[in-house]
Amino acid sequence: MPRILLVTGAAGFIGSNFVELALEAGYAVVGYDALTYAGHRENLAAFEKHPKFTFVQGNILDQELFYSTLQKHQVTWVAHFAAESHVDKSISGPGAFIETNVNGTYSLLMAARKHYEGLSSTEKPRFRFLHVSTDEVFGELGPTGKFSETTPYAPNSPYSASKAASDLLVRAWFHTYGLPTIITNCSNNYGPRQFPEKLIPHMIFCALQGKALPVYGKGENIRDWIHVKDHARGVLLALEKGIPGETYCFGGNSERKNLDVVHALCSTLDELRPRSAGGSYRDLISFVTDRPGHDFRYAIDDSKAQRELGYVHHFKNFESGLKETIAWYLSNLEWSKQVTSKPGVKVSYDWSKI
Ligand code: NAD
Ligand code: TDX
């Protein structure tokens with residue numbers, strides 16, 4: 001029986017990169033996405049006409065639609081990426097995060113369990129519900145140590161608390177109902193198609209406009225950067241080889257201070273697109289009020305995934321991955337213009353200056 005993969009959040013940053021990989025690997029994929037301010041059909045344009053790809057516009061809170069989609073397409077694996085994903089947005093408006101991330105995941109679990117109960121005895125053991133989560137559920141690290149699958153949860157932002165709550169629901173559905181669930185926790189992703197509210201693309205477009213580059217606090221907070229294609233490969237491996245009830249962490253082995261990321265970004269832009277006004281893009285760096293409750297450091301030990309899933313990092317050098325990413329944004333300015341020009345989008349750029 002072929003694997004039919006349903007991907008929630010397929011039109012978002014990581015979801016669309018995952019769909020691309022799964023199609024390349026030969027799987028049939030059903031993309032399921034509500035197309036919020038962060039989800040875009042443009043992200044699926046390259047494979048929209050792929051014979052093995054189907055798109056359903058739907059909300060994860062719509063349990064009936066989700067169940068009927070699972071039934072109609074005889075789905076055998078679910079990869080759940082859909083979420084409200086921006087920490088700053090969760091601070092100014094936490095309600096949407098509880099609604100989508102907690103209630104939405106609950107709704108999917110209810111529908112997935114009903115679908116699972118109706119599968120044949122040969123299909124049941126092969127069904128998987130993979131929930132994509134974040135390293136932020138573990139809280140923050142001091143200067144040393146790394147998060148792993150055994151780190152206790154200690155979320156600090158409304159975003160990470162809502163993700164932690166959804167992880168615990170997924171865990172409970174495995175233990176109580178026997179739904180074959182897997183959880184993955186990943187560090188900060190970078191790469192093509194990331195919505196420009198997040199650090200890297202936001203800095204690129206501020207720089208191109210000649211606007212200040214807003215570094216929170218002193219820029220000393222540390223993130224572990226993973227290329228989105230490595231994360232996508234990890235999730236696919238977890239579906240193919242992971243054990244139900246287990247969790248797997250993925251990191252990039254590339255810890256950087258935010259200020260160092262912005263410096264690297266400016267140097268690359270200086271090389272690829274020198275400022276017409278002269279000088280370096282670094283001159284635009286501006287230190288602004290810190291994010292409330294800003295976690296100091298994240299870092300992931302992904303040796304379990306390496307050992308048990310055969311996970312390897314393809315993007316070993318963050319600065320060269322960053323350069324490739326910046327080059328992608330520079331050659332896809334029309335994409336950025338379209339995705340930031342939709343209703344409900346908080347970031348806005350003056351495209352006449354870019
Ligand atoms: P994103 O914001 O780019 O995309 C989210 C997608 O989910 C969008 O396409 C949006 O339309 C869709 N969506 C939102 N609410 C929905 C709803 N109610 N019903 C259906 N679809 C809905 O996010 P991303 O950065 O691609 O993150 C994807 C997942 O990976 C999230 O679960 C996030 O928590 C997790 N994650 C992200 C990172 C990161 O660095 N970006 C790191 C670790 C984990
Ligand atoms: O303008 C900015 N200036 C700044 O200094 C922005 C947008 C961010 N920052 C800082 C805050 C963080 O320390 O940069 C770091 C990265 O910020 P974000 O890109 O907003 O990511 P982060 O808050 O670390 O969360 C991301 O990684 C984990 C994703 O958005 C989450 O979905 C994921 O779970």
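Heads up: numbering here begins at 1 and tracks the sequence. The analysis underlying the following values was restricted to heavy atoms, covering all of them including side chains, and did not include hydrogens, waters or symmetry mates.
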Practice task
Find the distance between CG (D283) and CG (L213) and round it off to the nearest 0.5 Å.
Solution key: 9.5 Å
Exercise for the section: May I ask whether V102 and V137 are part of the same hydrophobic cluster, defined by side-chain heavy atoms of I, L, V, M, F, W, Y residues being less than 4.5 angstrom apart, directly or through others? Expected result: no
Handout entry: 4.5 Å side-chain heavy-atom contact, F66 and V78
Key = yes
Practice task
Taking all heavy atoms of G219 and all of V215, pick out the closest pair and write down the distance.
Solution key: CA-CG1, 3.4 Å
Handout entry: Reference residue F147; test ring pair (Phe, Tyr, Trp, His ring centres under 6.0 Å); the match among F138, F250, Y153
Key = F138
Handout entry: Any donor-acceptor N/O pair, T176 side chain to W173 backbone, under 3.5 Å
Key = no
Handout entry: Spatial distance of atom CG (L23) from atom CG (L5) [nearest 0.5 Å]
Key = 9.0 Å
Completion exercise
Rounding to 0.5 Å, atoms CZ (R282) and CG (L284) come to a distance of 12.0 Å
Handout entry: K89 with E84: basic N within carboxylate O range, under 4.0 Å
Key = yes
Practice task
Might you work through the salt bridge (Lys or Arg N to Asp or Glu O under 4.0 Å) test for E42 and K337, ending with a clear yes or no?
Solution key: CA-CA 11 Å; E42 291 87 337; K337 197 170 171 177; over 6 Å; no
Practice task
Under the side-chain hydrogen bond (donor to acceptor under 3.5 Å, both in side chains) rule, collect the residues that match up with D224, sequence neighbours excluded.
Solution key: none
Exercise for the section: Say whether Y298 and E136, considering side chains only, have a donor N or O and an acceptor N or O under 3.5 Å apart. Expected result: yes
Problem - Atom of Y248, atom of A238 and distance for their closest heavy-atom approach - result: CD1-CB, 4.4 Å
Exercise for the section: Output yes when a side-chain donor or acceptor of R297 lies under 3.5 Å from a complementary backbone atom of T144, and no otherwise. Expected result: yes
Exercise for the section: Please check if the side chain of S160 supplies one atom and the backbone of P155 the other of a donor-acceptor pair under 3.5 Å. Expected result: no
Exercise for the section: Answer yes or no: is there a donor N or O on one side and an acceptor on the other, between the side chain of T181 and the main chain of R171, under 3.5 Å? Expected result: no
Exercise for the section: Would you please indicate yes or no on a ring centroid separation below 6.0 angstrom for H313 and Y311? Expected result: yes
Scan the side chains in residues 104-112 for donor-acceptor partners under 3.5 Å anywhere in the protein, sequence neighbours excluded, and list what turns up.
{"unit_1": "T105", "atom_1": "OG1", "unit_2": "H80", "atom_2": "NE2", "d": "3.0"}
{"unit_1": "T105", "atom_1": "OG1", "unit_2": "N101", "atom_2": "O", "d": "2.6"}
{"unit_1": "S107", "atom_1": "OG", "unit_2": "I60", "atom_2": "O", "d": "2.8"}

Exercise for the section: Looking only at non-hydrogen atoms, find the nearest pair between T134 and N185 and report the distance. Expected result: O-ND2, 3.1 Å
Handout entry: Heavy-atom closest pair, residues L259 and K218
Key = CD2-O, 4.2 Å
Exercise for the section: Scan side-chain atoms only and decide if S85 and K198 contain a donor-acceptor pair under the 3.5 Å cut-off. Expected result: yes
Exercise for the section: Check whether more than 12 heavy atoms from other residues, nucleotides or ligands sit under 6.0 Å from atom NZ of K304, and answer yes or no. Expected result: yes
Problem - Member of T184, D167, T247 meeting the side-chain hydrogen bond (donor to acceptor under 3.5 Å, both in side chains) criterion with S133 - result: D167
Exercise for the section: Establish whether Y37 and F13 are linked, either directly or via other cluster members, by ILVMFWY side-chain heavy-atom contacts under 4.5 Å. Expected result: no
Handout entry: Check: N59 main-chain N/O paired with Y32 side-chain donor or acceptor under 3.5 Å
Key = yes
Exercise for the section: May I ask you to test the F205-T340 pair for a side-chain heavy-atom distance under 4.5 Å? Expected result: no
Exercise for the section: Quick one: pull up CZ in R307 and OG in S303 and give me the separation to the nearest 0.5 Å. Expected result: 5.0 Å
Exercise for the section: Any chance you could measure I183, atom CD1, to L169, atom CG, to the nearest 0.5 Å? Expected result: 9.5 Å
Problem - F127 and H115 aromatic centres sub-6.0 Å - result: yes
Problem - Which atom of E220 lies closest to which atom of F296, heavy atoms considered - result: O-CE1, 3.6 Å
Practice task
Supply the atom-to-atom distance N17 CG to Q194 CD, rounded to the nearest 0.5 angstrom.
Solution key: 10.0 Å
Exercise for the section: Could you check if a side-chain atom of F47 sits within less than 4.5 angstrom of a side-chain atom of V29, using non-hydrogen atoms only? Expected result: no
Exercise for the section: Take atom NZ of K124 as the centre, draw a 6.0 Å sphere, and report whether it contains more than 12 heavy atoms from other residues, nucleotides or ligands. Expected result: yes
Completion exercise
When every non-hydrogen atom of S336 is compared with those of W351, the smallest separation belongs to CB-CH2, 3.5 Å
Handout entry: Validation row: E255, D260 side chains within 4.5 angstrom (heavy atoms)
Key = no
Practice task
Check the pair E324 / K229 against salt bridge (Lys or Arg N to Asp or Glu O under 4.0 Å), numbers first and verdict last.
Solution key: CA-CA 12 Å; E324 198 183 287; K229 289 190 197 306; over 6 Å; no
Problem - Side-chain heavy-atom pair E240, W77 within 4.5 angstrom cut-off - result: yes
Handout entry: Side-chain heavy-atom pair I204, P196 within 4.5 angstrom cut-off
Key = no
Handout entry: Under 3.5 Å donor-acceptor, N221 side chain and D295 backbone
Key = yes
Handout entry: Side-chain heavy atoms of Q74 within contact of E123, under 4.5 Å
Key = no
Problem - Co-membership, hydrophobic cluster, residues F97 and V170, 4.5 Å side-chain - result: no
Exercise for the section: Indicate yes or no for a side-chain donor-acceptor contact from N317 to the backbone of F315 under 3.5 Å, with no hydrogens or angles considered. Expected result: no
Problem - K163 side chain vs V132 backbone, donor-acceptor pair below 3.5 Å - result: yes
Handout entry: Verify same cluster id: I182, L179 (apolar side-chain graph, 4.5 Å)
Key = no
Handout entry: Test item: side-chain donor near acceptor, H231 and Y190, under 3.5 Å
Key = no
Problem - Cluster overlap V19 with L239, hydrophobic side-chain contacts below 4.5 Å - result: yes
Problem - Min side-chain heavy-atom separation W328-W335 under 4.5 Å - result: yes
